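Every value quoted in this text rests on a predicted model; they were computed, and no experiment measured them. All values below come from the heavy atoms of this structure, side chains included, with hydrogens, waters and symmetry mates left out. In what follows, chains are A, B, ... by sequence order, proteins preceding strands, each numbered from 1.
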Protein chains: 2
Amino acid sequence: MHATIRDVAAHSGVSIATVSRALNTPELLNAETLAKVRESIEALDFMPSARGRQLRGVRTRLVGVIVPTLANPVFAESLQGIDEAASASDYRLMLMTTAYDSARERRAIETLREQRVDGLIATVADAESNPLLDELDRIHLPYVLAHNDTVRRAAVSVDNRRAARDGVFALLQRGHKRVLMLAGSFAESDRARLRYRGYENAMLDAGLTPYAPLEMDFNAEELPPSLLAHLSDPLRRPTALFCSNDRLAMIVIRGLRHAGLSVPGDISVLGFDGIPLGEWLSTALSSVATPNREIGRHAWLRLAKQLGLPGDPDDALDPIAFKLPHSVRIGATIASYIEPAARMAALEPENPA
Amino acid sequence: MHATIRDVAAHSGVSIATVSRALNTPELLNAETLAKVRESIEALDFMPSARGRQLRGVRTRLVGVIVPTLANPVFAESLQGIDEAASASDYRLMLMTTAYDSARERRAIETLREQRVDGLIATVADAESNPLLDELDRIHLPYVLAHNDTVRRAAVSVDNRRAARDGVFALLQRGHKRVLMLAGSFAESDRARLRYRGYENAMLDAGLTPYAPLEMDFNAEELPPSLLAHLSDPLRRPTALFCSNDRLAMIVIRGLRHAGLSVPGDISVLGFDGIPLGEWLSTALSSVATPNREIGRHAWLRLAKQLGLPGDPDDALDPIAFKLPHSVRIGATIASYIEPAARMAALEPENPA
DNA sequence: CTGAAAGCGCTAACAG
DNA sequence: CTGTTAGCGCTTTCAG
């Protein structure tokens, strides 16, 4: 099948050691010998096998990457960040997806261990009490979690609670008082739970009573009755909705408009994730933006440090968990709240400046 | 570092051959021996090394995947499709991105060859005359192109020309005659060129004169002057725009609205790619949808066939290039063209039913 | 049913 | 400067 180092040696009439040196330390070779060997390499289409090589050394220069899905742009971006950073250190990625399924997480880790990856970057369903991760600790396989928001393990994420709190605060600052939080499924992600806590914090800090979170189906065409019920009374309905992610926010905006409500005229909407497409909507989506690519990049940097790679000297401090800054992106889906009375007045024909 | 088969053998007092059998052909072992060995495996956290194993056999059960970027949802979806299908056959993915750069393409292929991947799935900048691919042919490394639309090599894609033609035809069917095509950059992709040819075909078939394509910057905040010039005269401007991809379409819609034009009231817009988010816009994006996940899946299936894997018996035929069906998704960004006269009439106060 | 031993492709002493 | 040789972790005859 493939030419081996032995074939090249035979072809050029030298020993395999010389061929190996031609590959790894060409400066140690006689120019003529080197040329001769290189010719044979060309002629035979020889390409040294990383397998054979890695069998000796400890390092494989392979990183395992485990993400739930690539359908979510958040993870695609993050993977992009990992890829860019790891490539720069001449590391290769081995990708596995899990669909948030713990059986698949287990298989992914097994596979990656068999492949002798030097380390792992993973986004898991449950970061806190996770036997799989405990096992990684036990066998000393370096890993870094990405997006998982925990202090118990090496992780890179935003501070989801604070990010959500800041986002909701931006709504409250604009005069909103009745802010409702919508979430996909809390079961799926610890992150959604942390975001709800952030929402609670912001409401309580402002002396307001948080609503219970409203879980809704991600793929529904229509807004769920539970939400519609909330919206029926124009004078008491929420004036702003905080959605636990951008996809949900887009679905909700569409549903609200179908229901005859204007965004942000009648109701403001804030998402979470800051997916790039959101900015390109005709009504730019307001969102708590997370630096996904940076999360990926930093996950790699932390792993690289665990692996003892050179690395930038400027990332000195090394807390176990690593929080990257989020930002609240105010687009066009948020308006300041106007008291109904003032709103009426504004509609009067002659309104004094 | 890691426990090896020898450690396990020593720990359980058997030979390494027996441990190997415990792993691969447990049915050949005495139950007690097997149990003993398994205990040792547990105790030592032993995980067989794919490297050692693959050194002997020919197959690595590794596929290399080369895509330009994951920032484009088209490729993220396609990768998802490859991943799902390859995982099902117990193959692992090794991912490399190239940013459409041919030097990176070269390095990616080298790396993957060194890793002894059994085959390659790639999306390249230039599929027709590509020395890298010629070399793959020469060394008999099985590969399948994904998204590249060529008949010269094994490829899975939609028929970009026909897909574009069908999309434009849908516009013409709705009465549009002045249809302009917008593209990101033709240099970047052979696909964009094929789409323009499809646009030309549709126009010529309808007895209309195609406009020259208008290339525009992808990241601009504002519409380019060249486009604005086209839009200045309400009576002669294009009534529909065909954008070579969805991202462009979203940017354009936003720009049009900023410029005071209504979509689809004043002007219709059609995109290409059918990214899922497009359907969730408040004005659902019309688009020529390509089955990206399926493209990934079929790319794997074709590769699997080249690799001699069992595979579904129902994909009998085997043309080199493989075209998957596209579909024209009519959203809310397309309206039927109304003659200016009729339009005036419709605005009259008393309009007979 | 189990063990001994050869060998997969390569690197790294160690000699020469 | 170059060749010889001993493994790296595993599978696979071939004997027993």
Side-chain angles (χ1 to χ4, degrees), chain A residues 1-38 40-41 44-62 110-118 139 141, chain B residues 1-41 44-62 110-118 139:
Chain A
M1 181 74 193
H2 267 124
T4 80
I5 199 174
R6 231 172 289 277
D7 299 326
V8 178
H11 186 272
S12 51
V14 300
S15 75
I16 59 168
T18 299
V19 179
S20 176
R21 284 191 273 264
L23 260 20
N24 303 298
T25 50
E27 65 278 8
L28 295 183
L29 283 194
N30 176 307
E32 286 177 23
T33 318
L34 181 57
K36 199 169 52 180
V37 173
R38 286 196 167 150
S40 301
I41 290 180
L44 299 176
D45 285 321
F46 169 72
M47 177 92 15
S49 158
R51 305 241 117 40
R53 187 170 2 230
Q54 289 156 1
L55 202 47
R56 308 216 87 253
V58 195
R59 302 250 128 122
T60 55
R61 300 192 85 78
L62 252 32
E110 272 175 17
T111 298
L112 264 10
R113 283 186 60 193
E114 287 182 352
Q115 297 290 336
R116 292 292 188 267
V117 293
D118 290 345
I139 64 176
L141 215 202
Chain B
M1 182 77 194
H2 268 122
T4 80
I5 198 174
R6 230 173 292 276
D7 299 327
V8 178
H11 186 273
S12 53
V14 300
S15 73
I16 60 169
T18 299
V19 179
S20 176
R21 287 186 195 104
L23 261 20
N24 303 298
T25 50
E27 66 279 9
L28 295 183
L29 282 196
N30 175 309
E32 286 176 24
T33 318
L34 181 56
K36 200 170 50 179
V37 172
R38 287 194 166 152
E39 254 173 51
S40 301
I41 289 180
L44 299 177
D45 285 321
F46 169 72
M47 177 90 17
S49 157
R51 304 241 121 35
R53 174 145 43 208
Q54 290 157 1
L55 203 47
R56 310 216 85 253
V58 196
R59 302 250 128 124
T60 55
R61 300 191 87 78
L62 252 31
E110 271 175 19
T111 299
L112 264 9
R113 283 186 61 193
E114 287 181 353
Q115 297 291 336
R116 293 291 188 269
V117 294
D118 290 346
I139 64 176

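DNA chain C is contacted by both B:I16 and B:G52; B:I16 maps to the nucleotide lying nearer its 5′ end (nearest heavy atom per residue). With the nearest nucleotide of DNA chain C identified for both B:G13 and B:R56, B:G13 has the one nearer the 5' end.
Residues passing the side-chain hydrogen bond (donor to acceptor under 3.5 Å, both in side chains) test with A:S49, sequence neighbours excluded: none. A:E114 is linked by a side-chain hydrogen bond (donor to acceptor under 3.5 Å, both in side chains) to nothing, counting only residues two or more places apart in sequence or in another chain. Residues satisfying the side chain to side chain contact (heavy atoms under 4.5 Å, CB included) test with A:L112, not counting sequence neighbours, are A:I66, A:M94, A:M96, A:V117, A:L120. For A:R61, there are no side-chain hydrogen bond (donor to acceptor under 3.5 Å, both in side chains) partners two or more places apart in sequence or in a different chain. A search for side-chain hydrogen bond (donor to acceptor under 3.5 Å, both in side chains) contacts involving B:R38 returns nothing, not counting sequence neighbours. Applying the salt bridge (charged side-chain N to carboxylate O under 4.0 Å, His left out) criterion to A:R113, with sequence neighbours excluded, gives A:E135.
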| Pair B:Q115-A:Q54, side chain to side chain contact (heavy atoms under 4.5 Å, CB included): steps then yes or no | CA-CA 10 Å; B:Q115 297 291 336; A:Q54 289 156 1; 3.8 Å; yes
| query | B:T25 and B:E27: side chain to side chain contact (heavy atoms under 4.5 Å, CB included), yes or no, with the steps? | reply | CA-CA 5 Å; B:T25 50; B:E27 66 279 9; 3.9 Å; yes
| task | Give the C-alpha distance, both sets of side-chain angles, the deciding distance and a yes or no for side chain to side chain contact (heavy atoms under 4.5 Å, CB included) between A:L23 and A:F46. | result | CA-CA 11 Å; A:L23 260 20; A:F46 169 72; 3.7 Å; yes
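Of all nucleotides in DNA chain D, those with any atom nearer than 4.0 Å to a heavy atom of chain B start and finish, going 5' to 3', at D:dG9 to D:dT13. The nucleotide range of DNA chain C contacted by chain B, defined by atoms under 4.0 angstrom from heavy atoms of the protein and reported 5' to 3', is C:dC1 to C:dG9.
Interatomic distance, CZ of B:R116 versus CZ of B:R51, reported as 12.0 Å (0.5 Å rounding). For the atom pair B:M47 CE and B:I41 CD1, the distance stands at 9.0 Å (nearest 0.5 Å). B:L28 CG to B:L34 CG: the interatomic distance, rounded to the nearest 0.5 Å, is 10.5 Å.
Across its full length, the helix from C:dC1-D:dG16 to C:dG16-D:dC1 shows an angle of 40° between the axes of its 5 terminal pairs at either end, rounded to 10 degrees.
The shortest distance between side-chain heavy atoms of A:D118 and A:L141 does not fall below 4.5 Å.
Residues of residues 17-25 of chain A that place a heavy atom closer than 4.0 Å to DNA chain D, in numerical order, are A:A17, A:T18, A:R21. A heavy-atom distance below 4.0 Å to DNA chain D is reached by none of the residues of residues 26-36 of chain B.
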Which atom pairs, one a donor and one an acceptor, fall under 3.5 Å between side chains of residues 7-18 of chain A and the rest of the protein, sequence neighbours left out?
unit_1 : atom_1 : unit_2 : atom_2 : d
A:D7   : OD2    : A:T4   : N      : 2.8
A:H11  : ND1    : A:S40  : OG     : 2.7
A:S12  : OG     : A:V8   : O      : 2.8
A:S15  : OG     : A:A17  : N      : 3.4
A:S15  : OG     : A:T18  : N      : 3.4
A:S15  : OG     : A:T18  : OG1    : 3.3

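Looking at heavy-atom distances under 4.0 Å, A:R53 makes contact with sugar-phosphate atoms alone, never a base.
Residue B:E39 qualifies as open at atom CD: its count of foreign heavy atoms under 6.0 Å is 12 or below.
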